[in-house]
Amino acid sequence: MGRAIGIDLGTTNSLVAHVDARNRPQVISAEEGRPLLPSAVHYAADGSVEVGAEARRRAPERPVDTLLSVKRFMGRGPGDLRPEDRGIWRFDESGSVVRLLVADGARAVTPVEVSAELLRVLKRAAAAALGGPPAGCVITVPAYFDDAQRQATREAGRLAGLEVLRLLNEPTAAALAYGLDKQVQGTYAVYDLGGGTFDVSILRLDQGVFEVLATGGDTHLGGDDLDRVVAARLLEGGLTPPCAEPGPAVLRGALAAAQRLREALTTEAAVEADVELPGGHRLRARLTRDELEALIAPVIERTTAPCRRALEDSGLAGVDGVVLVGGTTRTPAVRRHVKALFGKEPLTDLDPDTVVALGAAVQADALDRGGREDVLLLDVIPLSLGVEMMGGVVEKLILRNSTIPASASQAFTTYADGQTGMVVHVVQGERELAHDCRSLARFTLKGIPSMPAGIARVEITYAVDADGILQVAARELGTGLSQAIQVKATYGLGEEEVEAMLIESIEHAEADVTERFLREWRVEGERLVASLGSALAADGELLSTAERAAVEERLDGLRAAMGGDDYLAIKAWLQSVDEATRPFAERRMDKHVRAAMAGHRVEEFAGEARTTRAEPDEEG
């Protein structure tokens, strides 16, 4: 067996790296002597599959059968697709996961299968360089990938025949590479703008401890979006003959031309394009750097809010430095934007295309054989995890930005008399109500003993592992009855939902808290009305006519308050009902105690109590 490897499974390019005999991370040549493997897979009609540079070269002539940037579709469902996604590719939308139609429509493949093809090539390259198959791997993911997207990445690794030791957040991997190479200490922002995703992480580096303080980002923002706005400009005035609705081949050609122009304008003041496209079309255009920067400015501005929010979440007013990750950060406008955001000249010592793979290799080496005992990595969970309670409110068990691995347990009770089951609804997000959060999973714990409401106690435990993947367990404390699942959603968060979850949690904070209190007190009111109704039906004779009338009057007041929107009014009426029924509760208790003691002597109960108290000592 060879050494463990680190893999950067990227939107545009993918890389593999390892730690050499001198204990230094090195990138392995993946294809044609180059470290970068284009994240492109071509499916031919005859069933053959091409991966990498050759596949990317086929994109202009076979755009539908050549899949690029599939990382954006990892862990997503048909409902998450955007209009621009449908411009080039064709989808089978009959299932719960994204499936792309290839090979002239004869085959449907998932993003997991496509990613596995890339990983197989990287695995073969590593085996050739190391003299044997790798012992395992660390695969990097965007920090903002949710549980479903992480699961999809792990499944792609397994499908490629790799043992996935860990999934590692891309910004954290970059910090590992920079911190170990430069012995950096302090607080740093890692600004990762790749081909299809954007991440920002705030980290504290100190004596080999890499602690992620906060993270943010957008799973649908990157160089591809810059290329789309440039391509739209090129098609507006540079396409001959003009075409109102360009087909996939024309769109693919325009995007390729846009990427070349954008990359050339990194160093040039002006560039020209003259490209022949399928269908007899020709694309001629001239673009200056100033024009480019005006076009892409709104896209770059979308990175501002996540950066500011991450800083606020970290509790820091500023950082000591900024690390750039991702090929898109070579764009001068991006670097100026980052400098303005953080007030620091960004670090560019390491190649932004390879730094993530190098950090992944460092972590793989540490997990494989303890090769870097001086490293302690403390990552975080990006979004809170909670459980839905009665009334649709959310009880958060693990808060966002909690260090992982993380776990939390909380005991809940039954709502109704004789309840023998409890639905556990797992949700993700920052809002107070379940319908405003993302549903991850739902299961039912059955076989709870039939008891009065509030007596049975069910402990729910959430545990997030080092990969950010969630395990949920529910256990009835009296009987030990339990059930556990690994949360495995069928699709992931859409790009709009990721940002909206945090933005809406801030914008609607006050209204959410008010609505939460209203629902909680309504639930408490419903419980009291139901339990008191049963008690009055069973022992109503314990109240005088006047007492019964007073209780009914206050119950009517409670019911009226529950129909309104003032939770303080419900709370006040609950207290009023409680005061009015306290004598009734005491009389009921006396009645049932007398009934239980009928025909027995007090000494018998005292003897039983002494025996019960002695049992734990005998067992212990």
Side-chain angles (χ1 to χ4, degrees), residues 143-150 169 202 212-217 306 309-310 312-315 378-415 422-443 445 457-475 484-489 492-493 497-524 567:
Y144 242 50
F145 257 24
D146 72 347
D147 186 76
Q149 292 163 311
R150 291 169 188 268
N169 286 348
I202 309 298
V212 181
L213 301 179
T215 187
R309 192 173 303 113
E312 182 179 347
D313 289 345
S314 72
L378 303 176
D379 225 327
V380 297
I381 187 168
L383 293 170
S384 299
L385 295 163
V387 62
E388 181 180 0
M389 301 172 64
M390 286 298 299
V393 300
V394 175
E395 184 69 16
K396 295 184 178 71
L397 271 67
I398 299 180
L399 300 179
R400 65 183 285 255
N401 288 326
S402 296
T403 300
I404 58 175
S407 64
S409 297
Q410 188 165 327
F412 298 87
T413 189
T414 51
Y415 171 76
M422 179 179 288
V423 175
V424 179
H425 183 200
V426 183
V427 296
Q428 180 182 41
E430 307 308 314
R431 300 290 295 276
E432 296 293 331
L433 304 181
H435 66 69
D436 293 322
C437 295
R438 183 59 177 265
S439 176
L440 290 184
R442 191 189 302 262
F443 67 94
L445 179 67
R457 294 179 64 79
V458 175
E459 182 181 67
I460 296 177
T461 299
Y462 282 17
V464 181
D465 64 18
D467 295 329
I469 294 173
L470 174 65
Q471 301 272 351
V472 179
R475 181 169 66 96
I485 64 167
Q486 176 172 290
V487 175
K488 190 173 181 181
L493 292 172
E497 291 175 281
V498 172
E499 281 300 294
M501 280 185 167
L502 297 180
I503 295 172
E504 290 178 358
S505 70
I506 297 170
E507 293 177 346
H508 300 281
E510 184 175 351
D512 280 357
V513 170
T514 300
E515 181 67 19
R516 179 191 179 101
F517 285 157
L518 179 61
R519 293 193 181 205
E520 287 180 334
W521 286 112
R522 278 178 177 166
V523 168
E524 183 62 20
Y567 72 86

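When reading the values below, keep in mind they use all heavy atoms of this one structure, side chains included, and skip hydrogens, waters and symmetry mates. Bear in mind that the values here come from a model prediction, so they are computed numbers and not experimental data.
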**Student:** Tell me the closest heavy-atom pair linking Gly217 and Pro306, and the distance in Å.
**Tutor:** N-CB, 3.8 Å
**Student:** When you compare the side chain of Leu385 with that of Leu470, does any pair of heavy atoms fall below 4.5 Å?
**Tutor:** yes
**Student:** For Arg522, is the CZ atom crowded, meaning more than 12 foreign heavy atoms sit under 6.0 Å from it?
**Tutor:**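 Count over threshold, so yes.
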**Student:** Please name the residue in the list Ile398, Leu399, Val427, Leu397 that meets the side-chain contact (heavy atoms from CB on, under 4.5 Å) test with Ser384.
**Tutor:**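 Exactly one option meets the side-chain contact (heavy atoms from CB on, under 4.5 Å) with Ser384, and it is Leu399.
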**Student:** Please answer whether the main-chain N or O of Gly386 pairs with a side-chain N or O of Tyr462 as donor and acceptor at a distance below 3.5 Å.
**Tutor:** yes
**Student:** If you look at every heavy atom in Ala474 and Val424, which pair is closest and at what distance?
**Tutor:** CB-CG2, 4.2 Å
**Student:** Using side chain to side chain contact (heavy atoms under 4.5 Å, CB included), reason through Leu433 and Val393 one step at a time and then give a plain yes or no.
**Tutor:** CA-CA 4 Å; Leu433 304 181; Val393 300; 3.9 Å; yes
**Student:** Would you please name every residue forming a side-chain hydrogen bond (donor to acceptor under 3.5 Å, both in side chains) with Arg442, sequence neighbours left out?
**Tutor:** His425
**Student:** The criterion is side-chain hydrogen bond (donor to acceptor under 3.5 Å, both in side chains); which residues satisfy it with Thr413, sequence neighbours excluded?
**Tutor:** none
**Student:** What distance separates Arg475 CZ from Ile460 CD1, expressed to the nearest 0.5 Å?
**Tutor:**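 Going from the CZ atom of Arg475 to the CD1 atom of Ile460 covers 12.0 Å.
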**Student:** I need the minimum non-hydrogen distance between Ala214 and Ser314, along with the two atoms involved.
**Tutor:**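 Scanning both residues, the minimum pair turns out to be CB-N, 3.8 Å.
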**Student:** Step by step, work out the side chain to side chain contact (heavy atoms under 4.5 Å, CB included) result for Val212 and Asn169.
**Tutor:** CA-CA 10 Å; Val212 181; Asn169 286 348; 5.9 Å; no
**Student:** How far apart are the closest heavy atoms of Thr215 and Ala310, and which atoms are they?
**Tutor:**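 Result for this residue pair: C-CB, 4.5 Å.
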